[in-house]
Amino acid sequence: MYICIFFCIFAPNNKNYLPMTTQELNQAFEQVYGRKTEKMFFAPGRVNLIGEHTDYNGGCVFPCALNFGAWLLLAKNADKVLRFRSLNMDEVYEIAINAIKPQPNRAWCNYALGCIDIIARRHPEAKLESGYDILYYGNVPAGAGLSSSAAMEVVTARAFTEEMMKGLVDEWMSGLEGDKAYRTELALIGQACEHEYAGVMCGVMDQFASAQGKKDHAIYLNCDTLEFEHVPVKLNGIKVVITNTHSPHHLDSGAYNDRVRQCQTAVEQISRVKPIKFLAELSPEDWAEVEIAITDPIAKKRARHVVGEVARTAEAVEALKQGKIELFGKLMTASHVSLRDDYEVTGKELDSLAQAAWQVDGVLGSRMTGGGFGGCTVSLVRDEAIENFKAFVGAEYEKATGLKADFYVAEIGDGVARLA
Ligand code: ADP
Ligand code: MG
């Protein structure tokens, strides 16, 4: 067995999340490995527009893929080793192809190794027959809740399903249904990697959005059944603006597990009067009848959020289909209020950002996105209001928290693809 981990101070480094052209990426690969790239792939990060904390309650989410994400460049080597480098990281890893297993100390290569391992386990016909020199670059800020990890997993799953079982991938990708099934499989490989190699027991939304994303569309996804629909997002003169709290607070697994348990309590208590498996089965009308059955006041608040959010998400999707973007924005804001008051996963930083955003003329709606406490908000902002939005929200946020926010004007991009 041959495993070697070392640090390289000569590798080119880009930790500022600056855009890079494919030509610059190819040059970086040549500089790092002294040879030419053979293939290049890209997978996006994602933002959830509405439908928060609904996934594990049997409800739908509504994420879209972003136009920033993770690139993977590779070339086969003759050494039977996987060499991993990232322009975002100092650590360099070299792992023998017959010694793939999780690496200690939260090694970033786990997000790649896990996918390669899981491809082989899910598909007995898949074979890793050669070594590879591999280079990553990501321009999704890591740890901000925009799923840099899912982008990295999905881009790896895309590249290595092709390398390890090419014929099958060609067959899969030959028709529309095959392509959809293939992308769902990439998402499931990424999710399994996140569970087993990163220890994060996430739902499938992030990897699904990265794999199935479509330019100018969001994905109305039931995370339980994996049924989904691409819904056009026509944003004439409006932008999706993501604001990063840079807050050290995150939804930790304790707070997350508490919410899951409280929802289960609500399901159990409601089931005494109306048997249900998931809170998402309840319409607001059902809720009016059954809420009295929940004796635990915290569980009642949590359930009220879930039932409201599931209905809001359905209404928001319908609003978009009818071109009612103002209504969509209002529902985003209502989602934040519910996450703040009933689900209690916002916190000072996210609330300060949303509160400030709601005051700006030209903002259609603004809400926290992702698990909560830290991470980002997502806002719909008219083009002419964006500069004012950044200045006002940035200043108010700094006043309230002492922290500086970052703003990303995002476009809704396509899912994972081979670029070259
Ligand atoms: P998020 O997915 O919200 O951005 P995570 O903590 O789930 O945050 O994932 C971030 C981790 O993913 C990083 O610490 C790193 O290990 C890995 N990662 C993400 N992007 C890259 C990259 N471009 N190069 C190397 N590792 C990356
Ligand atoms: Mg992640």
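What you see is a predicted model, and the numbers here were worked out from it, not measured in a lab. Just follow the structure's listing: the first ligand is 1, and inside any ligand the first atom is 1.
Atoms of ligand 1 found under 4.0 Å from any heavy atom of G138 (numbered from 1 in listed order, with element): 23 (N). Atoms of ligand 1 lying under 4.0 Å from at least one heavy atom of S86, given by number and element, are 22 (C), 23 (N), 24 (N), 25 (C). Within the listing of ligand 1, atoms 15 (C), 25 (C), 26 (N), 27 (C) sit less than 4.0 angstrom from a heavy atom of M89. Set against the non-hydrogen atoms of W108, the atoms of ligand 1 under 4.0 Å away are 15 (C), 16 (O), 25 (C), 26 (N).
In this structure, R85 is positioned above the aromatic face of Y33, its NZ or CZ under 6.0 Å from the six-membered ring centre and within 45° of the axis. Stacking of K239 on the aromatic ring of Y408 is not recorded, the 6.0 Å distance cut-off and the 45° axial limit not both being met.
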Pair R367-S335, side chain to side chain donor-acceptor pair (under 3.5 Å): steps then yes or no: CA-CA 7 Å; R367 62 181 288 274; S335 165; 3.0 Å; yes
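For E344 and H305, the side-chain atoms include no donor-acceptor pair closer than 3.5 Å. Inspection of the Q212 and T184 side chains reveals an N or O donor paired with an N or O acceptor under 3.5 Å.
For the Mg ion (ligand 2), the N/O/S atoms of S148 include none lying under 2.8 Å.
Atom CD of E229 has more than 12 heavy atoms from other residues, nucleotides or ligands within 6.0 Å. In this structure, K277 places its NZ atom where only 12 or fewer heavy-atom neighbours from other residues, nucleotides or ligands lie under 6.0 Å away.
Within the set E91, R106, M152, the minimum heavy-atom distance to atom 18 (N) of ligand 1 is found for M152. Relative to atom 1 (P) of ligand 1, the option among A107, G45, A70, G143 with the closest non-hydrogen atom is G143. Between the choices G371, A142, S148, the shortest heavy-atom distance to atom 19 (C) of ligand 1 belongs to S148.
Remark: ligand 1 and N88 share an N or O pair separated by less than 3.5 Å (distance only, no angle test).
If you check which protein heavy atom lies closest to atom 3 (O) of ligand 1, you get G145 N, 3.1 Å. Given atom 9 (O) of ligand 1, the protein heavy atom at minimum distance is S149 CB, 3.3 Å. Here the protein heavy atom with the shortest distance to atom 12 (O) of ligand 1 is Y111 CE1, 3.5 Å.
Ring centers of Y56 and F278: at least 6.0 Å apart, outside the cut-off.
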